[in-house]
Amino acid sequence: MQRIGVFVCHCGTNIAATVDVKTVAEALGHEPGVVISQDYQYMCSESGQNLVKNAIKEHNLTGVVVCSCSPRMHENTFRKAAAAAGLNSYMVEIANIREQCSWIHKDIATATEKAIILGKAAVAKVHLNAPLTAGESPVAKRALVIGGGIAGIQTALDIAEAGFDVDIVEKNPTIGGKMAQIDKTFPTLDCAACILTPKMVEASQNEHITIHSFSEVTDVKGFVGNFTVTIKKKARFVDETKCTGCGLCTEKCPMKKVPNEFNMGLDNRSAIYIPFAQAVPKVATIDPNYCMMMKTGKCGVCSKVCSAGAIDYKQQDKFIEQKYGAIVVATGFNPINLDKYDEFAYNQCPDVVTSLELERLMNAAGPNGGTLLRPSDKTHPHKIVFVQCVGSRCDDSKGKPYCSKICCMYTAKHAMLIREKYPDTEVYVFYIDVRTPGKNFDEFYRRAVEQYNVHYIKGMVGKVTPRSDGKIDVQASDLLANEQLHIDADMVVLAAAIEPDKTARPLATMLTTQMDTNDFFTEAHPKLRPVESATAGIFLSGACQGPKDIPETVAQASAAAAKAIGLLVKNSITCNPCVAHSNELMCNGCSSCEKVCPYGAITYIDKEFRMPDRTTAVRRVANVNPAVCQGCGACTVACPSGAMDLNGFSNSQIMAEVDAICK
Amino acid sequence: MQEAMINRAKQLLADGSVDRVIGWKRGEFVYDITPAVFTSAEELDADFVYDDFTAANVSKYLVKESKKEGKILAFLKPCDTYSFNQLIKEHRIVRENIYVIGIPGGPKLDAERIKANGITGILGAKNDNGTLIIDTVYGEEKMPYYEALSVKCLNCKSKKHVVYDELIGEDGDILDSNRFDMVEKLENMTAQERYDFWREQLSKCIRCNACRNVCPACTCEKCVFDNPDSGVENKAATDSFEENMFHIIRAFHVAGRCTDCGECSRVCPQNIPLHLLNRKFIKDINSLYGDYQAGEDTTSRAPLNDYKQDDCEASIVHERGVE
Amino acid sequence: MLKISLDKLGKLFEAISASQTLYIPTDREDGAAEYKKYESGMKLSNNLNTLRSAKDFFFPQTENLVDFKMEGKNIEVIDVREESEDFVIFGVRACDARSFTILDKVFLADPVDSYYKNRRDHGTVVTMACTRPAETCFCGTFGIDAAAPEGDAACYSDGESLFIEAHNEKGQKFIDSVASLLEEGDAAKLDEVREKTRDILKKLPLANLTTDNFGGDKLNEYFNSDKWGELSQSCLGCGTCTFVCPTCQCYDIKDFNTGHGIKRFRCWDSCMYSDFTKMAHGNPRLTQLERFRQRFMHKLVYFPANNNGEFGCVGCGRCLSKCPISMNIVKVMKALEVK
Amino acid sequence: MNKNLQEQVLRSSGVNVLKCMRCGKCSGTCPSYDEMEYHPHQFVYMVERGDIETLMNSKSIYKCLTCFACVDRCPRNVEPAKVVEAVRLAAVRQQGNNHMNPNQIPEMLDEDLPQQAIVTAFRKYIK
Amino acid sequence: MQVNDNKEFQPLIVAFCCNWCSYAGADLSGTNRLNYPTNVKIIRVPCSCRVNPMFILRAFQRGADGVILCGCHPGDCHYTSGNYFTRRRMTLLFSMLDFLGIERDRTRVEWVSAAEGAKFAATMNEFTEAVRKLGPNRRLEDLRCRKQ
């Protein structure tokens, strides 16, 4: 039997004006188990707390009920007071007789009656409370950043800055991501490479940062503070430690007809390659699908010319396992595949390009050395049509339902740059809406219209038809002029929707994080926890969480880093003790609970049990990881046998409250 | 059929493919058939039976049997295969230890339905073109075959075996069963009528737990209703509330997991149409969350362990049907 | 012997129910018979027997023994026992009538169960001879004559009239109370009816089942029989057999907290249940085999050992038709007998 | 605005006009654009506003080829052609409002008339 | 059941509120002094998905006349998906209670955010009135628990 103390607060007149606190204290004093019942002016004041503390000591209380304001207000106050007096802080329950009683009722008699009932419910609950101890779990002082684009780089730099080791896993041979492919950035029009490459170098030189390029995460185990991650270092057939990045091999390689993915396939590279001049790490990689040596066994030129002896045709994939305290996902985005949009003739006409292709076409390091030429005949285009919202804002069956967010601004940028560099070129932009929220964004767009005379036309392009004379017929309606237009363009640029990288979905499964239907990672709370995933210890950085431009990405990357640092500075994390636990004797191992757990906190173990018939048998039972469980209780209802219960809100406690209220 | 099953079972026992066979054993009367495990050809020859009265679903026995040493051969009717699959999905049986032979299913007869026709002293029964000819102590009696069918076979949902290692006889199809007709009829009654209907039915309950103990979805190590710590344990239907509570919660616990095998209604000594409760859940799940047949596969997410962001709100219950 | 024409049965029931509560077996919508409190117009069932046994009248499935009222920290004990009124159970079959004798041995032995005795004292059992026994009947095995049932009074039908005869004072009192409706009749034809019934009984499939092999002296032999494993392997552990059984008399006592007091109930228990006779130390019978064995050892061995050879079964056949997996006492007796 | 007519058009077309985001791709792709007084995107918008009678009185409803290019191209699956068809149906249903008589068609046939126009004409002018 | 002066039937309403949204919403209606009847008694649960159907039946058994479950709006669950499970569970449970002839107005699910104090009060007023109209819960009560 518990020895319970009841403390009824007047809260000045806040409670006492409509609830007869003396009567409440008197009535609750008669409840079984209650050994002392007192009222006081301000229970949360220091003297009020002392009253509680003294009573705990004097009456050897095992449970405390405070009838006061909402537990959201002062539960912690009284828990601390109890702890200070030597009582487990989870032996305290609050009866909310202010917000949910005195403040909403006027009649003293009924309000007092209700307050007594609420108090009785709290007493009934305390009877079944058990002391809970918050567990602790150590934190591995190392972070993993998955993805080496600007988001990943920024996050890694910030974490390293705080003094923690951080690994970047990048699936491509170099870090840099999409930003490395971009020519200029809006709205300042400064050169992307000029601001990105120093960061790449900084990352490679930072003593706290390890870059695993050409690598993938293949397995994630564990939980917040204690992840064990397996990273596959894909064979690049070049010894990273020996290669000096001199590039001689790439020059001498006889196989030069490999589509260059860095330039969006607009030109070719050799079978052994360094993606671009500023690549980090600046190490060559052999593409086994094209390398003559790998395919036919005849060649070996690179091996011969490499003075460092870095070439290793027999290299195998390597797996490394590492412990991390925090994981930041920065897997980024890709433009969508435009195969199904026949009307834009993307697959039929080389002069219909995506915006990212245009970036390469205009880039000084691109296929044309920075001169804008039509891919088909390398002539200078005089009329360029931009089409917005290609695949964005569509019905699910037609494309992506969301706005890709960055297209309006980069299209304005492109239009402006073209008009700046080639004033003889007419530029048309067909838009549905121009969306420019952002600092200096609308000013930027207005400049394109007012200063650079870019023709913005409201209306979606209906049809793009390559003509035999090399021109491209663009048919669209001008909704404001109410006429249908035909433009004989030289080039068409499609603002393709962006989508999360394809590697994100399997990664989310490994991380047990949530994704939305578009495969963007879901944040723990859309407003209040935008850079955390719902799974503790997993943070989100950049476009993997939703379409973002560079400043936003960098801001989120730093925010994610800050959150990760906040976790890594702790030696251990205190777990919420109000977590689920499974009674193994009753667990059926049916996996229902696991299916509804949003955190992946439940795993199954095969355990040997002594069975009722005196034999032993191995049974599959659920096991809750208290460090991961957040205590929602979804599993407790999914469990038909009642094996799963929740500390602090157990089945019996809630039913005791129900009983007390309905008494 | 019985012959073919015995022969195949003997073969599999002889070549060591299986160590045991779970099937059915002949009883005192034509109808009282008991599920049983056989270990030898002699036992099979002596007692193995598969006929019109062999209605029991043996899949639940595999929870225990499959954890024993050696391999067991299980003969499963189409409806039983759904239960079997569901048990695999919930990790309750060890698939590797079971060799499943799919056998043709019902419709099966129920002696209780014959007796309800006033026929007593039953010594034998055979089907003669839709008429059941019953040999009794008091002479020969006749009744329409259909009227003697077990309640679980009246609305057969499927003749298809969803899992098997081999088949004896041919596989059938999923049927258009009209199995929700009675549920719908009840839904169209007034609340008072529904209440009266269920009060009359559930008040017959004697809390023997036969429905629960036979149910292949009720395989809990310890049922909440048997567990004093659960707070809802109750042994006897002292008050009508406890009958309601038991049957509502039991149906809820198997919602999305119940394959509609009908065993609950088959075994109820008081003839309570318990399957209607399960069918109500199945019907609701189908109409609100998309067609779902428990046990059809071993991987899909059970409807109650799943959600869609645009699921209907609970208020749909208030908005539809008869008040 | 006194008789009443069968077409006047309604009048008889009206007359009985005018002075005391009358229960008769009547058919419900699913064709099964059950005892119901007589109300005007209710028809006597033609079924051989009721689905549930008649033991409920003396040993109900649940019974409120006592209440406790809690006021703050005070507990008050309230005796909720009602002084029963007299009642008549009409149409009890020979097997069920014998079951009362068996229950009496349990509940009326010292210490007397006053709840049971109270009901027993107030109840008059009017039996009805069987004429159409079923294939599941084996009352003869236990020395019961279905054609000549026990009870306070017994009824026999010759197809036209119902003959009533008293077996004791209580029965005579019952007959006297309705004497105005009865007339003296020639019972000669009854012997013919009885003989016919007995002929049928002899032809029933279970007619040759005997208890010769059972009894208290076989305890160890049967307890250690290796048949139990096979017999119990398919048992579901439900309580159907025990709950339809007229002689099963195990009960549990449960307290129910109503929120403002405690109600103490006695309710039927079943030895088939996993928590049967669970005690502070745990459960004495951990496996279904042990629980299954308990039920049949009790009926066939322990009970006769303690009750001068009287078996704990009356051969009513309810468990034969109601067991979900068709395992029953007959199969057990036959399996053990072979040994 | 005519609520009844609007409802009829919405029902018979089965189109949710509120899904339209006014991108104009339907009109951008429409081969009959220049022939039409009101263009596909305007049909959708005017039906949303309930301005059905104007559309019914416009020759535009007979200029639509029912080629379904707009349906195919619409990013949001609004299906403008079905709206046009529904307005046309509303007009046809009003007795005496037939645009032309079936027996007028043969004399209008010439070599340049696309096959599809004849096929769709049967859908438009029968009854 | 409570009795007040005008002898009008006073239903007992049990409200399960999730800690993060609805309980805070209830607090807010208190902070804003928005009245609702004393008939409503709130039980705090971490998430609406913690509410077991057994709790709801338990409340009816013990004498509640109406049970309402409040949680975060779909999509806003503190635990991301809890209320989605709640929604399915309660839809099916309520449908079953309705199937058994229990008055459907005795049960309700309402999504109340931490900012919707007014909605909380309005919901409770409305629900209490709806249950009051139905009268005492007789179809799903336990006679043993009825007060004499």
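What you see is a predicted model, and the numbers here were worked out from it, not measured in a lab. Chain identifiers are assigned alphabetically (A, B, ...) following the order of the sequence lines, protein sequences preceding nucleic acid strands; residue numbering begins at 1 within each chain. These values consider heavy atoms only, across backbone and side chains, with no hydrogens, waters or symmetry-generated copies.
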**Item:** Output field: ring centroids Tyr402(A)/Phe520(A) closer than 6.0 Å
**Value:** yes

**Asked** What part of Cys593(A) is in contact with chain B, defined as an atom under 4.5 angstrom from a non-hydrogen atom: side chain, backbone, both or neither?
**Response** neither

**Request:** Go through the atoms of Met655(A) and report whether side chain, backbone, both or neither lie under 4.5 Å from a heavy atom of chain B.
**Result:** side chain

**Message:** Counting only non-hydrogen atoms closer than 4.5 Å, does Arg250(B) touch chain A with its backbone (N, CA, C, O), its side chain (CB onward), both, or neither?
**Reply:** neither

May I ask you to check whether [X] and [Y] show a side-chain donor-acceptor distance below 3.5 Å?
X: Asn129(A); Y: Glu93(A); answer: yes
X: Ser300(B); Y: Lys89(B); answer: yes
X: His581(A); Y: Asp645(A); answer: no

**Prompt:** Which residues, numbered in order, of residues 215-227 of chain B come under 4.5 angstrom of chain A by heavy-atom distance?
**Reply:** Thr219(B), Cys220(B), Glu221(B), Lys222(B), Val224(B), Asn227(B)

**Message:** Taking side chain to side chain donor-acceptor pair (under 3.5 Å) as the criterion, tell me which of Lys157(B), Arg179(B), His275(B) meets it with Asp260(B).
**Reply:** Arg179(B)

**Message:** Can you confirm if the NZ or CZ of Lys280(B) lies within 45° of the ring axis of Phe180(B) and under 6.0 Å from the centre of its six-membered ring?
**Reply:** no

**Message:** Between Gln293(B) (side chain only) and Thr259(B) (backbone N and O only), is there a donor and an acceptor less than 3.5 Å apart?
**Reply:** yes

**Prompt:** Relative to the ring of Phe252(B), is the ring of Phe281(B) parallel (under 30°), tilted (30 to 60°) or perpendicular (over 60°)?
**Reply:** perpendicular

**Request:** With a 4.5 Å cut-off on heavy-atom pairs, point out which of Ser592(A), Ala634(A), Gly589(A) contacts chain B the most.
**Result:** Ser592(A)

